[in-house]
Undergrad: 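Provided herewith is a single structure, encoded as structure tokens, for subsequent inquiry.
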Amino acid sequence: MHLGGPYHRRLLIAAVLGAVVWAALVARLAQIQIADHGRYASEALRQHERRVILPARRGSILDRRGEALAVDVSNPSLFVDPHEVADPDRVVNELTRRFHLDRSRVRAAVRSQGGFAWVARDFIDRSEAEHAMRELPGVFIRDEQKRMYPSGAAAAHLVGFTNRDGRGLEGMEAMHDRVLRGRDGWTTEYVDARGRGWRPPRSALASSRCGDSVVLTIDRRFQEIAENELHRAVEKANARGGTVVIVDPRTGEILALANEPCYDPEAASSSPPDGRRNRAVTDLFEPGSTFKIVCASAAIEKGRVRRDTQFDTGDGVKKISGVSLHDAHAHGTIPFEEVIAYSSNIGTALAAVLVGEEDIYRYARRFGFGLRTGIDLPGEIPGVLRPVESWSGRSLITVAIGQEVSVSAIELVMAFSALANDGVLMRPFVTRAVLDADGQVVSRTEPQRVRRVVSSETARTVREFLSMGVEEGTGRNAALAWCSVGGKTGTAQKFVNGTFKNGLYVSSFCGFLPADDPEIVCLVVIDEPRGAYYGGTVAAPVFRNIVAGLAAADMGLLARFGRPLEALDEDSPWSASSIPPADSLMVLIAAEKKVAVSRQAGASLGPQAVAAPQADLGRAKEAPEAAGLLVEVPDLRGLTAREAYRRLSRALLETELVGSGRVVSQEPPAGTTVSRGQVCVLHLEGGPDQEDPSRPVHGGL
Amino acid sequence: MTYYDAARTRMDRSILYAVLFLVFFGLVMLYSSSAILAADKHQTSAFFVGRQALRTLVGLVGLGAIYWLDYRRLRGRTAWVLWGFSLVLLLLCLVPNPLRVSVRGTHRWLQIGPLALQPADFARLTLAILLADLLAKAGPEGISTWRGLAKPAAVIVLVAAMVVVQPNLGSALAIGMIGAILLWLGGIRWRHLLAGAGTAAAGLLVWILSSSYHLERVRQFFSGAAETDPQKGGYQLHQSLMALGSGGIAGRGLGEGLQKWYFLPDAHTDFIFSIIGEEAGFLGAALVLIVFLFLFTRCVRVIRDAPDRFSFLLAAGMTASLAVYFFVNIGVATGLLPTTGLPLPFISYGGSSVISNLFAVGILLGLSSQGRRKAGSRV
């Protein structure tokens, strides 16, 4: 073919050039896709995948019998993805109306940048939320765990509290935060360029592990009694505050620990910090006469004094080693046992001179004064007991009668516990055991002996002095008809800014029972009572009321301590009828934990899986009530959310709260027979409007 | 008439098959790359692929019609009329009128009823037809002088200039290159070509320097830095390379791409090749390149076997208009050329593009039957 000119030559050149360029493209493609594949692939992975945290359920804090003091409850929260919101005005209006939210905050969330903004995080109605999610594009539900304290302020200073993100900030929540927190799991989801997840998260790549539960040595019943009695006493005496500590002297277990003022752990951040302090371990006070046990023990142990050694206390006013001493009454010449029983300062001072500085100091140390007890609570501050070298000439006398020293409540109660425990000081503790999610014991705290303080004979002898003090001495107001009690009163002027402050006192009483073989030691400290201020008048009756309450709460205690139940103070709320039937609860609690665990496992599989774990419960044969699969829903109307939760968990039912305050209505209604593990929705006062006709019916729950 | 009837049985069907393969593979990839955007914006994932299928159908009907017509009828006055018509359409893009569509400050489209038209796509075809006619008539001798070159050069510059002010530098350059290839194949002298190319380069430089937008793109291209800010010019290229690179040899699998989740802008139009690379891997991407190479070698055969200068130049013009877009598109997607928006023939979303390209194939198929017969008779 001849077209003339350079046509075919130039076509050839063009074709060859094209082929070369084509080969270059293929080479370049191979470079990108094969040689550099790894680099681009990892870069793309960073861009496309997002880590999704699967939060672990925080472990519970339980009292020694398994009653919940702190639990995680799941509740639905609402959030919006502003990118997905088609009609912002409608979403704002509907959310504001349906959930009674603050319009401006909802608007801010809907208009926010990014793909995620919370709208409502507190106890909203699940079906209402699901309804909103279906109807309003861009609105989504996420289940969140919320910390709940079913016993309210009970043991608040021990239990502590968490922040919004579930971090323990105080008390056991802080102390055992790592144990309670468990381990979050994670997985991945794919995101688009706007940060929205478009492929749902894969099943867990690392599953979360529920936090372990912490069982405290606290008995919630004892705790409540201690708190109520303390509260009443502080109010009655118009005092600044107070502390009650109840210890099992044989083991060092803290059975109750109450402080006034107190706080609500669910509203911890808004409570005054003064109320959040666990005074029992952080606050020091001058003990006064309660400290005389040191002198008495040292004197007896060293053989310097016998119980019948006579001391001339004269007319109640005497100057010894330059210290002017006063007794409340003139006792004349009395044996040593009465010196302690009647709390004679003069007699104690005379005995102290016989004992000497070194031994007073040494025994005070052996009782643990001026040292940390080692209790497993954060923030313990040791009392102040200066070494002998820095004592003045007066110090022997003043220390012996409990001045020039300061102690914490926990120190003082442990010193008495050493006497109660036949002379052996134990380390106090609050953590009884750690249980994993299946209820298996992970670790158990073994009682720990600190040291022998005095011989068991000495301890018994001093205890007898103290029983005498309750029977006929300063502690008469602590006496119980049904049980022998020993104890010592204490009244100390407050030492403020380096001087004794007139009119400000710390009144205390530390007692134990039964006197011959004590199982319970209880310290009552009332800070700055107005009016009457003697420990025997202010603190001893509180002790008595508390002990009476304990006996009413725990019949076993009463039976063991032998004598018949005595009439309580008329105004004491503790009577046998108001106390829930006791100890079959432990079994129930174990069964309840199983439900919780199974539900946890089922949660990721969706609602249909929730029913399955109930089969598990058939095995909990130990408790007759627990063996049945069906339970009756109790009437919860009018109760507080906490009390309602408590009742439901006893009935092995799950709680879901809507609103806040008292229960207005419940679903299903009282008396309905349901299977265990069923969720009961409680509408509280502050919840969404009950009359709203657009509310969907709960039947489908 | 028997002359043509006898010839038609000998049309190069492999060209048609290659094109059909690209068109259908293109629809598959178009669906994959546009489904998310379509579902978000138009409530149906098939929005773009449905429209593209319809236009492909129109294009195929046009292909058949053009094949059945005698391509020689395109010579002379028809070429001028078509070219003039293209100019009118281009003019409509420049002056405000109800048909004009503005997108991000550019005026590249006309909306005529349901049809969105990009006149530049038709202008490149009509220009090639007119040039083939002019150059065939003039012959190498006719364009050996500046004077002889004036007319073809003016025809090219006019079209390119009207496209460049839309503004649409990429298409204008492509049109200029198609024109230059035709001039060269038509026998232009080297020094004339170099002088013209130099002038064009100078003009281009002035244009780039006067526009911060283009300057930034070129700067980005030469800096070579990975850009992660979506607001910056290098972002698109970076995402394109990430798509190709993460695809590896075998790809993520059709439909399994992740870059189309708004990471790669224009994933279903100018950067569809990157999605092919991501989902079908090097194997799939290389297959596309091989099919194009095969198509172009067949086209070169058609050119080579052309019975006369007009046929030769017309076939060359149609081939060039496909090849330039192909090379520039792949070059941009692989980062060998600065980012500019040219569609990949037969595959990228775009009605004007696929219809005009199928028209071009129709002309080539007509030429193939013609050329083959002559070639066959020569043996």
Undergrad: Show the nearest heavy-atom pair for residues A:V191 and B:F263, with the distance to one decimal.
TA: O-CE1, 3.4 Å
Undergrad: Quick one: are B:W261 and A:H48 in side-chain contact, heavy atoms under 4.5 Å?
TA: no
Undergrad: More than 12 foreign heavy atoms under 6.0 Å from NZ of B:K137: is that the case here?
TA: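 More than 12 within 6.0 Å, yes.
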Undergrad: Distance check, rounded to the nearest 0.5 Å: B:L185 atom CG versus A:H8 atom NE2?
TA: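 Atom-to-atom, B:L185:CG and A:H8:NE2 are 10.0 Å apart.
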Undergrad: Given that the side chain runs from C-beta out, which part of B:F310 has a heavy atom under 4.5 Å from chain A: side chain, backbone, both or neither?
TA: neither
Undergrad: Sort B:Q259 into side chain, backbone, both or neither according to what part of it lies under 4.5 angstrom from a heavy atom of chain A.
TA: both
Undergrad: With a 4.5 angstrom heavy-atom cut-off, could you sort out which part of A:A30 is near chain B: side chain, backbone, both or neither?
TA: both
Undergrad: For the candidates A:A24, A:G18, A:A15, A:S42, which exhibits the highest count of non-hydrogen atom pairs separated by less than 4.5 Å from chain B?
TA: A:G18
Undergrad: CD1/A:I32 to OG/B:S274 distance, rounded to the nearest 0.5 angstrom?
TA: 8.5 Å
Undergrad: Can you tell me if B:R75 has over 12 outside heavy atoms packed within less than 6.0 Å of its CZ?
TA: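 Check passes, neighbour count above 12.
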Undergrad: Out of A:R39, A:Q33, A:Q31, which one racks up the most heavy-atom pairs below 4.5 Å with chain B?
TA: A:Q33
Undergrad: Looking at B:A316, B:A285, B:A286, which makes the most heavy-atom pairs under 4.5 Å with chain A?
TA: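 The option with the most such pairs is B:A285.
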Undergrad: So which heavy atom on B:P140 is nearest to which on A:P6, and how close?
TA: CG-CD, 3.9 Å
Undergrad: Counting heavy-atom pairs under 4.5 Å to chain A, which of B:I188, B:L313, B:L264 comes out on top?
TA: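 Greatest number of close heavy-atom pairs with chain A: B:I188.
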Undergrad: Between B:A136, B:G281, B:G251, which has the largest tally of heavy atom pairs under 4.5 Å with chain A?
TA: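 Going by pairs under 4.5 Å, I would pick B:G281.
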Undergrad: Taking everything shown except A:E135 itself, do over 12 heavy atoms lie less than 6.0 Å from its CD?
TA: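 Atom CD in A:E135 is packed in, count exceeds 12.
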Undergrad: Tell me, side chain or backbone of B:F282 under 4.5 Å from chain A's heavy atoms, or both, or neither?
TA: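 Backbone plus side chain of B:F282, per the 4.5 Å heavy-atom cut-off to chain A.
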Undergrad: Return the option, out of A:L45, A:L29, A:V21, with the maximum number of heavy-atom pairs under 4.5 Å with chain B.
TA: A:L29
Undergrad: Can you check whether A:Y40 reaches B:L244 side chain to side chain, under 4.5 Å on heavy atoms?
TA: no
Undergrad: Looking at A:D192 and B:Y262, what are the two nearest heavy atoms and their distance?
TA: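 The answer is OD2-CD1, 3.8 Å.
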Undergrad: Any non-hydrogen side-chain atom of B:I249 less than 4.5 Å from a side-chain atom of A:H37?
TA: no
Undergrad: Considering only heavy atoms, which portion of B:F326 lies under 4.5 Å from any heavy atom of chain A: side chain, backbone, both, or neither?
TA: side chain
Undergrad: Taking everything shown except A:R103 itself, do over 12 heavy atoms lie less than 6.0 Å from its CZ?
TA: yes
Undergrad: Name the region of A:Q47, side chain, backbone, both or neither, that has any atom closer than 4.5 Å to a heavy atom of chain B.
TA: both
Undergrad: Do B:T297 and A:W22 have side chains that approach each other closer than 4.5 Å (heavy atoms only, starting at C-beta)?
TA: no
Undergrad: Please report the interatomic distance CZ(A:R46) to CE(B:M242), rounded to the nearest 0.5 Å.
TA: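 Result: 8.0 Å between the selected atoms.
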